[in-house]
Structure formats: structure tokens, C-alpha cells
Amino acid sequence: MRLPEAVKTVCDEINALGRALIVGGFLRDRLLGLESFDIDIEVYEVPNLEDLQKVLAPLGSLHEVGKSFGVILLQYEAYSFDITLARRENKVGIGHRGFKVTPDPYAPFETIALRRDFTINAMGYDTKDATLLDPFGGQDDLEHKRLDLIDAARFAEDPLRVLRAVGFISRFSLSPTQRLIDTAASMVGQGLMRELSGERVYAEVQKWFEKGEDISAGFAFLQSVGYRLFPSVTAIKRVLPSLDRSAKAMQIRLTLLYRFTPIQEALADIAHFCSSKQLLKKVEQLHTAFLCYESGDKSDYALKKVSVILPVREWLPLVEATDSFAAARLAERAKQIGIYDAAPKPLVKGQDLIASGMKPSKNFSVILQEIYDLQLQDAGLTKQMLLDQAIKSR
């Protein structure tokens, strides 16, 4: 395997002490012909992290995280390295913290790889001998577009792996094996998914929505194992085509997913695994703007009113996912009438009303809204015309 020079440099430094194996996503993506800049290195034949730190320190700043087992984080040139001693993991409690981690840098790779979830993630590239270690047939599964687990009992130790399966299926167009489906369905049936924190669920959903090419395949897997991650979603078959076509953005795909669902039900669903008020607000705005666009007319006035909720540029991806021709027309018209990047600025403000002789009152906001609406209806109205109308209607 031809490695980037920076990756080779880091591995050579480690190999001077022991043996550096590239594992995980970088290796999988490399075999798929995909570029990656995040690299996991598993170190063998080195008894402690301190020796590693000494040889790696000249390459850049190091940070050690994870007190129980230790991970060295190294940023070198364009690459981010997670470097750990080979280790075993054993389930001793509930949740993702309920694992006992034991460094074992002299164990066989196959033994250490048992802690992995899927065969495609359980390969290792020995950079010292330039050999691919593949004890569970991960390369063959990649070539045949399969997603398979390594060991059913160990897989069930962490319910997050069900959601990781969703992400890999959608991202790489993989077909789950029957034993993966059966194992995941058993985990769902036992209620193990309730062990997951909202934070962990959100992280996997985000990767699924922001990297997935085939979102529908992920939903098909969830249905096959009986897990309802988004219980309030209605008309799922109607929204899946637009989800597959849409921009890879969390807020866009969440909005399309709940396209035919009342917004408060949608927000309640999302809030179960997402604590970001910013994201929830953005989904609400997108949902409202898209609903207004679809249910109303497409006149300039109607488009301007929607642009007040959000600029056209922000909700245009929703239209593109559902009707590319309509999206092209919308973008062109929005630019022509000046609402693509922002709503029209009000010509009349409160200070203008005061300057015209009106005394400040609680009705100002109503008056300003009324004359702003007139401005949106008729682009030919000048500021003075609008002021005259405000004075007339006070």
C-alpha cells in the first residue's frame, strides 16, 4: 500500500521502537480508493506510551487523552493521528463507559481485532512488513459490498453499533448480512438502545446525514431491525427520494425527513437526541419557510414574505431536493428581485415615524409591519409614500 509521506514518517518513527499498524477508517477508505486525513495507529511491541511520546514529540505537539488506557493525539502536516497501544476491551457495566480496557501490545492482532464492530473495520496494515492483516474477511466484504459483524455476542455489548451500521450502509452502499440484521433486531427487542445517551445518538445521526449517499438504505435497515429512531415521521416513503437527492447537511435532511410532520412533533422527536437549540431553531425556520413556499402562490410578494423567515439561499436546497427545475427558476427570480441572500430591508423604521411627528406608542410595531407588508407587495412604493400611508392609518 502506498502511504502518504507524512503517514510513512510517523509510522517509521514508531517502527523504530516496535510495530505500527494502521487500522480503522483510514485503512478501509484507502481500500475503497477514498481519501482520508484521520488515521488510527495501533502500536504493538512497545510496553508504554512514554517511549512513544519521546520519539513522536519532535514531529509536533502531542496530547494524551483517556486516562484509563491512553491515546496520543498528534497533528502532523495535514493529518490527524490517534495513536494507542494495542488493547483488549471487556464489557463490565452498562453504557459506553462500562468497558474495562487493558493494554496488551504483545497480543496477536486477531485477538485485539475482536473488539472491533464490523469486519471492514477489523483489518490492519502492518507498516513494518507492508502486509494487510485481515483475520475476518473484511476486504472480501468490502469488495462484495457487504456489512457483517465479527461476533454477535461482542457486537451486542454496545448498542451504538446498530446506528453505526446505519451510517456505513448509507455511506458505502453496503448490504447488511442476515446475522447482522438478526443481532441488531435482538438488541432492539431487548431494549438495549435505551442505554444510549442523546449525545452519542446525535453524533451517529450527524455522520449518517452528512456523509450518507444512500439515506434510504439506512432507513430500510432500521425498519428491518424494528427500531424507530424518528417516531413522529409520517409518509416516510414520500420523503426518502428527496432525502437521497438532497444536500448533505444535517438541518436540510432533518427538515426534509419531517416535511409532512407538524413542526412541534418534529422538534420533540429531534430534541430526544439533540440538545442544540441552534439546530432546532434552524429546522423550525426551514420547515416553516418550505411549508409557506409549497402551500402559497409563487408571486414575488409571496416569495418576499418567505424570505423574511429565511433568505432564499438557505431554503433553496429543500426545493432542489424535491424539484430541481422549480429550484432553478426560484434561484433566478430571487436574484432578480434581490431576496436571494436576504429579505428586503424595511424602507421605514420607527425613527422615521417619530421624525414625521408621530409619538412613540405600543402600536408602532403594528404600523411598521403593515407598511413593510405594503413595501413587499409593491416594489414601486417609495419611502415617502409609505410614510404618508403610515400617517394616514395611525
Any donor and acceptor pair, going by atom type alone, linking the side chain of [X] with main-chain N or O of [Y] inside 3.5 Å?
X: Ser275; Y: Ala271; answer: no
X: Lys128; Y: Asn15; answer: yes
X: Asp134; Y: Gly138; answer: yes
X: His287; Y: Val283; answer: no
X: Thr111; Y: Ala107; answer: no
X: Tyr125; Y: Ala20; answer: no
X: Ser324; Y: Glu320; answer: no
X: Ser356; Y: Leu353; answer: yes
X: Asp323; Y: Phe325; answer: yes
X: Ser242; Y: Val239; answer: yes

I'd like to check [X] versus [Y] (side-chain heavy atoms, cut-off strictly below 4.5 Å). Are they in contact?
X: Glu213; Y: Lys248; answer: yes
X: Val312; Y: Val306; answer: no
X: Ile41; Y: Val23; answer: no
X: Asp117; Y: Leu149; answer: no
X: Asp38; Y: Asp82; answer: no
X: Ile83; Y: Glu42; answer: no
X: Tyr227; Y: Leu163; answer: yes
X: Gln190; Y: Ser186; answer: yes

Is it true that [X] and [Y] make a salt bridge, defined as a side-chain N closer than 4.0 Å to a carboxylate O?
X: Arg19; Y: Glu45; value: yes
X: Lys383; Y: Asp388; value: no
X: Glu314; Y: Lys282; value: yes
X: Arg146; Y: Asp140; value: yes
X: Arg115; Y: Asp104; value: no
X: Lys304; Y: Asp300; value: no

According to a 4.5 Å side-chain heavy-atom criterion applied to Ile, Leu, Val, Met, Phe, Trp and Tyr, with indirect links allowed, do [X] and [Y] form part of one hydrophobic cluster?
X: Ile112; Y: Ile14; answer: no
X: Tyr372; Y: Ile367; answer: no
X: Leu34; Y: Leu147; answer: yes
X: Leu21; Y: Val7; answer: no
X: Val233; Y: Leu291; answer: no

Decide yes or no on salt bridge (charged side-chain N to carboxylate O under 4.0 Å, His left out) for Arg28 and Asp141, but give the supporting numbers first. CA-CA 11 Å; Arg28 178 199 63 228; Asp141 283 343; over 6 Å; no
Side-chain H-bond candidate by donor/acceptor type, [X] with [Y], under 3.5 Å:
X: Gln369; Y: Asp373; value: no
X: Thr9; Y: Glu13; value: no
X: Ser246; Y: Arg253; value: yes
X: Ser232; Y: Asp269; value: yes
X: Tyr202; Y: Glu204; value: no
X: Ser299; Y: Asp297; value: yes
X: Ser216; Y: Asp244; value: yes
X: Ser173; Y: Asp214; value: no

Is it the case that Lys298 places NZ or CZ above or below the six-membered ring of Tyr293, under 6.0 angstrom from the centre and within 45 degrees of the axis? yes
Look up atom [atom1] in [X] and atom [atom2] in [Y], then write down how far apart they are to the nearest 0.5 Å.
X: Leu368; Y: Leu386; atom1: CG; atom2: CG; answer: 10.5 Å
X: Asp148; Y: Phe155; atom1: CG; atom2: CZ; answer: 9.5 Å
X: Leu27; Y: Leu132; atom1: CG; atom2: CG; answer: 6.0 Å
X: Leu32; Y: Gln139; atom1: CG; atom2: CD; answer: 10.0 Å
X: Ile371; Y: Lys349; atom1: CD1; atom2: NZ; answer: 12.0 Å

Is the CD atom of Gln178 crowded by more than 12 outside heavy atoms at less than 6.0 Å? yes
So Met1 and Leu31, side-chain contact (heavy atoms from CB on, under 4.5 Å) or not? Walk me through it. CA-CA 9 Å; Met1 181 179 294; Leu31 292 172; 4.0 Å; yes
What heavy-atom pair brings Lys345 and Gln375 nearest, and what distance separates the two atoms? O-NE2, 2.9 Å
Apply side-chain contact (heavy atoms from CB on, under 4.5 Å) to residues Thr127 and Asp12 and explain how you reach the verdict. CA-CA 8 Å; Thr127 61; Asp12 285 346; over 6 Å; no
Can you classify the ring geometry of Tyr258 versus Phe230 as parallel (below 30°), tilted (30 to 60°) or perpendicular (above 60°)? perpendicular
Check the angle between the aromatic planes of Tyr79 and Phe81 and answer parallel, tilted or perpendicular using the 30° and 60° thresholds. tilted
Go through the steps for Ile22 and Leu3 under the test side-chain contact (heavy atoms from CB on, under 4.5 Å), then give the verdict. CA-CA 10 Å; Ile22 295 175; Leu3 296 175; 3.8 Å; yes
Would Arg30 and Glu35 count as a salt bridge (charged side-chain N to carboxylate O under 4.0 Å, His left out) if you check the C-alpha gap in whole Å, the side-chain angles of each, and the deciding distance to 0.1 Å? CA-CA 7 Å; Arg30 200 80 176 172; Glu35 191 173 29; over 6 Å; no
Ring centroids only, cut at 6.0 angstrom: are [X] and [Y] within range, meaning strictly under it?
X: Trp208; Y: Phe219; result: yes
X: Phe168; Y: Phe118; result: yes
X: Phe26; Y: Phe37; result: no

Please evaluate residues Leu279 and Leu254 with respect to the criterion side-chain contact (heavy atoms from CB on, under 4.5 Å), reporting the C-alpha separation (whole Å), side-chain torsions for both, the decisive distance (0.1 Å), and the verdict. CA-CA 10 Å; Leu279 178 64; Leu254 277 175; 4.1 Å; yes
Could you go through the salt bridge (charged side-chain N to carboxylate O under 4.0 Å, His left out) check for Arg161 and Glu195 one step at a time? CA-CA 12 Å; Arg161 290 168 172 169; Glu195 292 182 14; over 6 Å; no
